[in-house]
There are 2 protein chains.
Amino acid sequence: MAYTYEYPRPALTVDCIIFGLDKKELKVLLIRRGLEPFLGKWALPGGFVNMAEDLESAALRELEEETGVKDVFIEQLFTFGAVKRDPRGRVVSVAYYALVNLDEHPIHASSDAEDAAWFEVGELPELAFDHEKIMDVALKRLRGKVIYQPIGFELLPTKFTLTQLQQLYEIVLGVEINKRNFRTKILKMNILEQVERQQGVAHRPAYLYRFNETKYNEFLEKGFVFEIGGIIKSN
Amino acid sequence: MAYTYEYPRPALTVDCIIFGLDKKELKVLLIRRGLEPFLGKWALPGGFVNMAEDLESAALRELEEETGVKDVFIEQLFTFGAVKRDPRGRVVSVAYYALVNLDEHPIHASSDAEDAAWFEVGELPELAFDHEKIMDVALKRLRGKVIYQPIGFELLPTKFTLTQLQQLYEIVLGVEINKRNFRTKILKMNILEQVERQQGVAHRPAYLYRFNETKYNEFLEKGFVFEIGGIIKSN
DNA sequence: ACAAAAGTGTTGTTCCTACACCCATGA
DNA sequence: TCATGGGTGTAGGAACAACACTTTTGT
């Protein structure tokens, strides 16, 4: 079957940059391409947009098809449309990104992908197309975003300790944060609820907290800036 | 001439949201459509992407063709791809936005546009397609952005007074700002150079300043947050 | 002299930063 | 009792917020 138009049209694809938080590392989900071009190379999961689906749906569909990862909140990153970014011809790609808890998202390679795996950001293999550039943009955006919005709460168990939360910020931002100041600041925001205490650890048990979404939304109204100043640890 | 593909493809367009700063108002540039659909309705300038041009180039070309406005720094806003956003079929649109000095950008309607004009934000006519939604997104982004980056300097004459700069922020953000605190804060940033003084005004002449781009770039490295706190004027 | 807008002093308060110290638990 | 990580006190300084006042020009 063929489709004919009066004027030429670029092909439209979506790509997904899925960041995953491992214990101590920020990783990203890649697939090994099972088709030309760039057969055998690592690339971002993604593919062509169908006529009857929204862009975001397309991204989620391709993500699940190629990696088995689903139930993710993705956000539009940027649209890449340089004329010769794809050797097959003019292809414009809308990129989406997300940050997920790596443990909760098992991966299964399938369909067009020979393989799928998490790679540590900063130790990426050579990527297909302009995907290295897309990665750069995504990483910058993630780091910028985490300062102005407490995404990241989704990455932790429902109940978490302040140290876990701090580590999350440290990993994503790639810096060390002063414990005292981190705690003071995040608690003053008043978006966390203390619930109970840890048990069975070989040290003083920590308080567990829960993210209070209602209070967080009130918070956003007033403009949220996270910005931990005392960034280099001293404790 | 016709173009045939194995799979169907959405059409790809670009749209431009050009904000213009008038003396006391924030305006936006619209065209009156000269073609179906929505013939005669006001809409954002924009149109189809050619195969041999980047997305940004397409946006700039359409902008100039339809409104005569050129030499603008545009920035990608968002890509709108809802399935039924265009009655002609599946059309995905990459939106770009910019903030310009209205005086320096004379408009001339032409080509597909019957007319082009500046409208005050907040007093917009009914718009074609999903352009009202696009406007909302753009306005939010502009306001968010102006807090974290001193765009806006481009809107003023090379030499400007602090009061002019303050008014710019007040108009874009739609708030009143305390004079004393605004001055203290913007000067402490050390991105302005005092040059000379105003002349011929019927009051104490103001100092004129020039934006120092070098220092500004150093500034960005460290993370810039503008955020005037004492927002409600008291002076 | 007066209107108009520019520009400055200052004060109380909050927030930031940097350290040092104590606490509770399991092994 | 020791190692381990959890949690707190606090002091000095910087930044914020709010208000009132002085200065310089043209008319």
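We name chains A, B, ... by the order of the sequence lines, and we start the count at 1 in each one.
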**Q** With B:Leu102, which residues qualify under side-chain contact (heavy atoms from CB on, under 4.5 Å), at least two apart?
**A**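 side-chain contact (heavy atoms from CB on, under 4.5 Å) list for B:Leu102, sorted by chain: B:Asp22, B:Lys27, B:Trp118.
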**Q** Once you round it to whole Å, what is the distance between C1' of D:dG5 and CZ of A:Phe182?
**A** 16 Å
**Q** Between A:Gly200 and B:Tyr209, just flag the one whose closest nucleotide in DNA chain C comes earlier from the 5' side.
**A** B:Tyr209
**Q** Between the protein and nucleotides 11-14 of chain D, list the N/O to N/O atom pairs that are separated by less than 3.5 angstrom.
**A**
none

**Q** Report all interatomic pairs (protein N or O, nucleotide N or O of nucleotides 4-6 of chain C) with separations under 3.5 Å.
**A**
residue, atom, partner, partner atom, Å
C:dA6, OP1, B:Thr163, OG1, 3.0
C:dA6, OP2, B:Thr163, OG1, 3.0
C:dA6, O4', B:Arg204, O, 3.4
C:dA6, N3, B:Arg204, NH1, 3.4

**Q** Got a donor-acceptor contact below 3.5 angstrom from the B:His108 side chain to the B:Gly68 backbone?
**A**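 Not a single qualifying donor-acceptor pair exists.
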**Q** Mind checking whether B:Leu208 and B:Thr161 have side chains closer than 4.5 Å, heavy atoms only?
**A** yes
**Q** With a 3.5 Å distance limit and no angle check, can you tell me whether A:Gln76 reaches the backbone of A:Val94 through a side-chain donor-acceptor pair?
**A** no
**Q** My understanding is that only residues two or more places apart in sequence, or in another chain, count here; which of them pass salt bridge (charged side-chain N to carboxylate O under 4.0 Å, His left out) with B:Lys159?
**A**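 By the salt bridge (charged side-chain N to carboxylate O under 4.0 Å, His left out) rule, B:Lys159 matches B:Glu196.
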**Q** Applying side-chain hydrogen bond (donor to acceptor under 3.5 Å, both in side chains), can you list everything that pairs with A:Asp130, at least two apart in sequence or on another chain?
**A** A:Arg85
**Q** Rounded to the nearest Å, what distance is computed from the CG atom of residue A:Asn181 to the C1' atom of nucleotide D:dG9?
**A** 13 Å
**Q** Got a sec, which residues hit side-chain hydrogen bond (donor to acceptor under 3.5 Å, both in side chains) with A:Ser57, two or more places apart in sequence or on another chain?
**A**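 If we apply the side-chain hydrogen bond (donor to acceptor under 3.5 Å, both in side chains) test to A:Ser57, skipping adjacent residues, there are no hits.
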**Q** Kindly say if B:Lys185 contacts the phosphate of D:dA15, meaning a side-chain N or O under 4.0 Å from OP1 or OP2.
**A** no
**Q** Take atom CD of A:Gln166 and atom P of D:dG6, then tell me their distance rounded to the nearest Å.
**A**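 The distance from CD of A:Gln166 to P of D:dG6 comes to 9 Å, rounded to the nearest Å.
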**Q** Quick check on C:dT14: is either OP1 or OP2 less than 4.0 Å from any side-chain nitrogen or oxygen of A:Lys188?
**A**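 So the side-chain polar atoms of A:Lys188 never come under 4.0 Å of the phosphate oxygens OP1 or OP2 of C:dT14.
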**Q** Please check: side-chain N/O of B:Gln198 versus main-chain N/O of B:Pro205, any donor-acceptor pairing under 3.5 Å?
**A** no
**Q** What is the distance from CZ of B:Arg180 to C1' of C:dG9, rounded to the nearest Å?
**A** 7 Å
